[in-house]
Amino acid sequence: MSQKIILDVDPGHDDAMAILLAAASPEIDLLAITTVAGNQTLPKTTLNARRVCSVAGITGVPVAAGCDRPLVREQRIAANIHGESGLDGPTFAGEPSVPLDPRHAVDLIIDTLMASDGDIMLVPVGPLTNIGMAMRREPRIVEKIKHISIMGGAWGFGNQTPSAEFNILVDPEAARIVFESGAPITMCGLELTHQAKATAAVVQRFADLKTPLGDFVVEMLTFFGSTYKKMHNFDGPPVHDPTAVAWVIDPTMVETQPAHVDIETHAEFSYGRTVVDLDDVMKLPKNTLVATKLDVDRFWDLMVGAIASYSATPAAR
Amino acid sequence: MKYLLDGDPGHDDMVAFLLAAKHLDVVGITSVHGNTPLVNSTRNALRVVEMGGLTNIPVARGRARPLVNAPVYAPEIHGVSGLDGMDLPEPTTRLHELDAVDFIIEMSHQHANDLWLVPTGPLTNVAAAFIKDTTLGERISGISLMGGSLTYGNSTPAAEFNIWADPEAADVVFRSGVPIKMFGLNVTRMANATKAELAHIREIGNPVAVTVGTLLEFYRSSLENVFGLTGASLHDPLAVAVFIKPELFTMKPMHVAIELHGTLTRGMTVCDYRYVGTDEKRQAEGLDAIEHGETPNAEVAVDMDVPGFFDLLYETLALY
């Protein structure tokens with residue numbers, strides 16, 4: 001039985017990798033891709049999601065646009081990392097062939113969950129605006145959600161501020177709704193995702209596939225690597241988002257520790273922080289599986305294998 | 001160089017005092033609320049100087065309450081006396097006639113530009129001295145403190161006890177502009193005295209070492225019960241040890257902000273780890289576009305030589 005998921009994204013280079021991994025994996029039944037404002041504005045992230053699907057030949061998976069700004073705060077984007085298009089690096093000619101689903105992402109999420117037998121996982125890898133909004137719009141979805149595998153947060157240092165990771169910082173109020181919802185959560189934060197660095201050796205593995213999609217991935221990772229080098233002096237960009245998909249595919253690939261996690265929404269320096277009680281100081285219910293360690297070799301084998309599985313598909317730019 | 005120790009003894013404060021007294025020119029000890037109410041921490045400071053034969057060091061009583069919030073204590077860690085584990089005699093030494101805040105200011109005049117403050121409890125006394133005498137920062141060489149953490153706490157998931165106990169005071173200190181050395185939980189929990197280290201301390205054999213080893217065993221068992229730790233974290237002595245053997249520590253310059261307003265993160269030391277050098281250095285290394293964080297206001301301990309620290313501790317206790 002493959003696991004049904006809805007993938008909520010803001011592509012974004014690593015979001016693109018998450019889409020490609022989820023759509024290729026036999027362990028996953030990708031019900032829908034929903035988009036949100038985050039790494040770039042909503043029109044750009046939505047266009048990018050359609051482009052990635054078109055390039056890879058992912059058809060039959062609805063792509064629906066969601067919320068175009070955080071619940072409360074001013075919008076914040078990451079053009080310094082993902083470029084003006086949100087997916088700088090590869091070039092595209094014209095409109096993508098994959099259409100935009102007419103439904104609003106929040107409606108799609110609610111309707112899909114409510115019609116389900118409680119067997120769907122949500123995999124949000126951008127700001128949690130769509131999921132938080134869906135929970136407020138239809139609280140009954142919480143009991144329908146089998147699990148939420150989130151890319152976001154950090155218990156150590158943040159990336160956008162010293163204490164906050166980008167996805168949570170962008171919409172802390174939405175994140176708080178999700179973490180306080182009671183739905184079971186896996187949190188793939190920076191401590192995990194920074195283990196998934198696309199080093200030169202990793203990029204070479206995609207190049208060695210000598211397939212159109214392999215080349216597309218190399219183009220993405222090359223741009224993503226250049227901005228991570230420039231902005232953070234990283235040797236190899238951390239490919240955050242597919243780790244949340246990898247946990248769904250094979251939870252043994254990711255070590256986790258149960259902990260109470262809540263979101264700081266009122267602070268001066270540390271708003272947007274995932275306050276992770278790994279030491280159980282507060283003796284509160286453990287609402288989250290906090291991802292701590294990635295089996296890096298198996299993760300890249302999985303990722304390379306997924307891209308290789310598209311070998312028959314001509315990349316249609 | 002002269003040193004003024006400010007603490008809330010507290011088992012690890014005791015070790016800090018004993019370590020400093022044998023190596024550094026200590027001009028005084030000031031007590032503060034914290035691990036235990038002020039009446040206890042003051043009595044314990046006197047007990048420690050008497051136990052160590054250090055009654056030539058003046059002890060001045062400090063502030064009983066934080067600047068703003070209500071006091072919080074840690075009896076679950078240090079016992080109801082603040083120094084549980086052995087009944088030390090009631091002290092007979094008299095306190096200094098000045099209170100801690102005036103004592104700090106007075107010492108800063110007597111030893112202008114030649115004085116480090118070494119606070120190992122909540123920063124109330126030091127902050128109050130800065131507030132009372134706005135020129136204090138011009139006369140002290142710096143502040144070496146135990147407090148805060150890189151990224152996680154022990155009083156809350158975000159805040160370490162000394163900062164949590166008086167965040168506004170910490171804010172005053174970290175904004176003061178004087179050089180700061182910060183020894184937070186990330187490194188102080190490495191100074192982990194397990195049963196083996198405590199046995200070694202008792203085996204040194206002199207009465208002070210036996211007493212210290214016995215008292216620390218109470219502290220070790222508290223930390224095991226409360227936090228599940230394997231040993232006694234000797235937090236406070238690190239802020240002293242850096243002056244005796246600076247090579248024991250790896251320090252990194254960072255900007256440290258104190259979170260005062262968080263619902264969940266109040267008392268957090270928000271450490272901007274992103275600093276990679278001055279504008280000139282970044283330019284020379286081609287890193288001018290990097291996210292480089294705010295200009296550092298502190299040297300933050302990020303790593304330490306644990307065996308080297310314990311050697312120093314054993315050697316020092318053998319001197320008593």
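All values below were derived from every heavy atom in this structure, side-chain atoms included, with hydrogens, water molecules and symmetry-related copies excluded. A, B, ... follow the sequence lines: proteins, then strands. Residue 1 opens every chain.
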A/His232 vs B/Glu291, side-chain contact (heavy atoms from CB on, under 4.5 Å): CA-CA, chis, key distance, verdict:
CA-CA 6 Å; A/His232 297 290; B/Glu291 297 235 24; 4.2 Å; yes
Please classify the contact between [X] and chain A as side chain, backbone, both or neither, with a heavy-atom cut-off of under 4.5 Å.
X: B/Ser155; result: backbone
X: B/Val226; result: backbone
X: B/Asp288; result: neither
X: B/Ile258; result: backbone

Atom pair [atom1] ([X]) and [atom2] ([Y]), whose distance is rounded to the nearest 0.5 Å:
X: A/Asp277; Y: B/Tyr152; atom1: CG; atom2: OH; answer: 12.5 Å
X: B/Thr263; Y: A/Ile263; atom1: OG1; atom2: CD1; answer: 12.5 Å
X: A/Asp262; Y: B/Leu264; atom1: CG; atom2: CG; answer: 5.0 Å
X: A/Met231; Y: B/Arg274; atom1: CE; atom2: CZ; answer: 9.0 Å

Is any side-chain heavy atom of B/Leu287 closer than 4.5 Å to a side-chain heavy atom of A/Asn233?
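When only atoms from C-beta onward are counted, A/Asn233 and B/Leu287 do touch, with a gap below 4.5 Å.
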Does any part of the side chain of A/Phe157, heavy atoms only, come nearer than 4.5 Å to the side chain of B/Leu150, both counted from C-beta?
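They are in side-chain contact.
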Heavy-atom distances under 4.5 Å only: say whether A/Asn80 touches chain B with side chain, backbone, both or neither.
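Answer is side chain: those atoms of A/Asn80 sit under 4.5 Å from chain B.
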Whatever's closer than 4.5 Å to a heavy atom in chain B on A/Thr161 counts as backbone
Can you tell me if [atom1] on [X] sees more than 12 non-hydrogen neighbours from other groups inside 6.0 Å?
X: A/Gln204; atom1: CD; value: yes
X: A/Met253; atom1: CE; value: yes
X: B/Lys252; atom1: NZ; value: yes
X: B/Gln283; atom1: CD; value: no
X: A/Arg69; atom1: CZ; value: no

Work out which heavy atom in B/Asp272 is nearest to a heavy atom in A/Pro162; give both atom names and the distance.
CG-CG, 3.5 Å
For B/Gly153 versus A/Val281, what's the shortest heavy-atom pair and its separation?
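So the minimum-distance heavy-atom pair works out to O-CG2, 4.1 Å.
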Verdict with reasoning, B/Met268 to A/Val275, per side-chain contact (heavy atoms from CB on, under 4.5 Å):
CA-CA 11 Å; B/Met268 179 178 177; A/Val275 180; over 6 Å; no
Could you point out which residue of B/Leu260, B/Val270, B/Thr269 forms a side-chain contact (heavy atoms from CB on, under 4.5 Å) with A/Phe269?
B/Val270
Are the side chain of [X] and the backbone of [Y] linked by a donor-acceptor contact shorter than 3.5 Å?
X: B/Tyr273; Y: A/Gly158; answer: yes
X: A/Glu264; Y: B/Thr265; answer: yes
X: B/Glu259; Y: A/Ala267; answer: no

Verdict with reasoning, A/Asp279 to B/Arg189, per salt bridge (charged side-chain N to carboxylate O under 4.0 Å, His left out)
CA-CA 13 Å; A/Asp279 288 345; B/Arg189 278 199 174 161; 3.2 Å; yes
Looking at A/Lys229, A/Met282, A/His260, which has the largest count of heavy-atom pairs under 4.5 Å with chain B?
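Sorted descending by pairs with chain B, the first entry is A/Met282.
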